[in-house]
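Remember, predicted model here, so these are calculated numbers, not experimental data. All values below come from the heavy atoms of this structure, side chains included, with hydrogens, waters and symmetry mates left out.
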There are 2 protein chains.
Amino acid sequence: MPRRSDDTRAAILAAARSRFAADGFERATIRAIAADARIDPSMVMRYYGNKEGLFAAAAEFDLRLPDLREVPASSLGERLVGHFLVRWEEDGTLVALLRAAVSQDAAVSRITAIFAEQVGPVVARHAPDPAEVPTRAGLVATQILGFALCRYVLRLPPVVALDREAAVGWLAPTIQRYLTGAV
Amino acid sequence: MPRRSDDTRAAILAAARSRFAADGFERATIRAIAADARIDPSMVMRYYGNKEGLFAAAAEFDLRLPDLREVPASSLGERLVGHFLVRWEEDGTLVALLRAAVSQDAAVSRITAIFAEQVGPVVARHAPDPAEVPTRAGLVATQILGFALCRYVLRLPPVVALDREAAVGWLAPTIQRYLTGAV
DNA sequence: CTCGTTTGCCAACAATTGTTGACTTGATCT
DNA sequence: AGATCAAGTCAACAATTGTTGGCAAACGAG
């Protein structure tokens, strides 16, 4: 059932995502988030319990990986990298997670879970050997998260300068090999 | 000339590196660092000015990349990845830099500088086209930093589980292609 | 309308933080 | 020995933080 405070809750969540993404967990203060949402800081506590609860709510995230069963195995890397790039840019949540992860165990668990539960199955469907699935998913994480780190958090100039096409061109073969390449 | 306080200064720096690496910039408090070094917090201020000054001193870092001019171009990736892994594990400074980078502009500049000044020349010596050097160095950064992030900061289980040999086996071809591969 | 519940704001608390200044100890040099 | 200066200790400040409880207004059910 819809509550009268749903707008406020949503405003808090949106402000929290943006602040967490921009400043990380500790530097994003509840007072700043509340100011962005134009409400009193105490409302945040009422609706989300405490700062960690707010983060947990703001860090809810679905990669929305498409169904790749009909995609030829050889263009898997390309499709995956393309999807990641789009998803990363349209939703700041992943950046918030990444920024918070360095000091927030909850964020680490969330990232771990995302790669295990959402990327894992895709890998499982195409990896040569089931025993290698976690390793391959982990390797995919190293390249995808590393690219996101350099592009959206560190903002290394040459990595920021890459357009989407070039980024896919460089990263896709890497992901492809981590998914299906020989050990 | 050696000062009588050199031992104290070194103890502060060591404690700072370890705390920054373990907790990140904001959660590593001066009080905790001083306690580790068994001195008064005010000594930190006296010798390093403020917290940022302490971090700047603690984040001094040299990759110590070996001279790779005589290495055959084809085993460049392998040598580089191996060196990175060793360096990363013997010195916590890089992890401290990585952890601090999400909220500390100084750390970002330092990482940017390290890759531009220390990795850049290696790339320059082997890249087909000089114009591509920054891009290629940036790509190397995405994979190397991504691996370090997943292994030492996030501690993703499958990435932690890789032994050095396996890690080199997986990453070396990626780095090799970013260094010398076709665009 | 009336009552209870929800929503919101205000002020304040306790803890922690980086940082500062005054004071004491100890070594070094004349 | 006495003077000088670095090295170290102690206590406190000012600001910021997450968090709490009380109170006023708005709403919805009866």
- Message: Using whole Å, what does the distance between atom C1' of nucleotide D:dA14 and atom CE of B:M45 come to?
- Response: 14 Å
- Message: Can you measure A:R31 atom CZ to D:dG18 atom C1' for me and round it to whole angstrom units?
- Response: 7 Å
- Item | Donor-acceptor pair under 3.5 Å, A:R4 side chain vs D:dG28 base | no
- Message: On DNA chain C, does the nearest nucleotide to B:S42 precede the nearest nucleotide to A:S42 from the 5' side, or the other way round? Give the residue.
- Response: A:S42
- Task: Measure up the A:W170 and B:Y178 rings against each other and bin them: parallel (under 30°), tilted (30 to 60°), perpendicular (over 60°).
- Result: perpendicular
- Rounded to whole Å, the OH-C1' distance (B:Y48 to C:dT20) equals 20 Å
- Report yes if some heavy atom in the side chain of A:E89 is under 4.5 Å from a heavy atom in the side chain of A:R164; otherwise report no. yes
- Query: What is the ring orientation for B:Y152 with B:W88, classed by angle as parallel under 30°, tilted 30 to 60°, or perpendicular over 60°?
  - Reply: parallel
- Task: Identify which nucleotide among D:dT9, D:dT19, C:dC9 has an atom closest to any side-chain atom of B:D40, counting heavy atoms from C-beta outward.
- Result: D:dT9
- Verify the contact: side-chain N or O of B:S5 to OP1 or OP2 of D:dA6, cut-off strictly under 4.0 Å; return yes or no. no
- Item | Sugar-phosphate only, base, or nothing, as touched by A:T8 at under 4.0 Å among non-hydrogen atoms | sugar-phosphate
- Item | Distance in angstrom units between A:F55 CZ and D:dT19 C1', rounded | 20 Å
- Message: From C-beta outward on A:R46, which listed nucleotide comes closest to its side chain: D:dT19, C:dG18, D:dG22?
- Response: D:dG22
- Which nucleotide sits closest to the side chain of B:M43: C:dT19, C:dG8, D:dG8? D:dG8
- Query: Under a 4.5 Å cut-off applied to non-hydrogen side-chain atoms, are B:I30 and B:M45 in contact?
  - Reply: yes
- Task: Counting heavy atoms from C-beta on, name the nucleotide in C:dT7, C:dT19, C:dA12 closest to the side chain of A:R3.
- Result: C:dT7
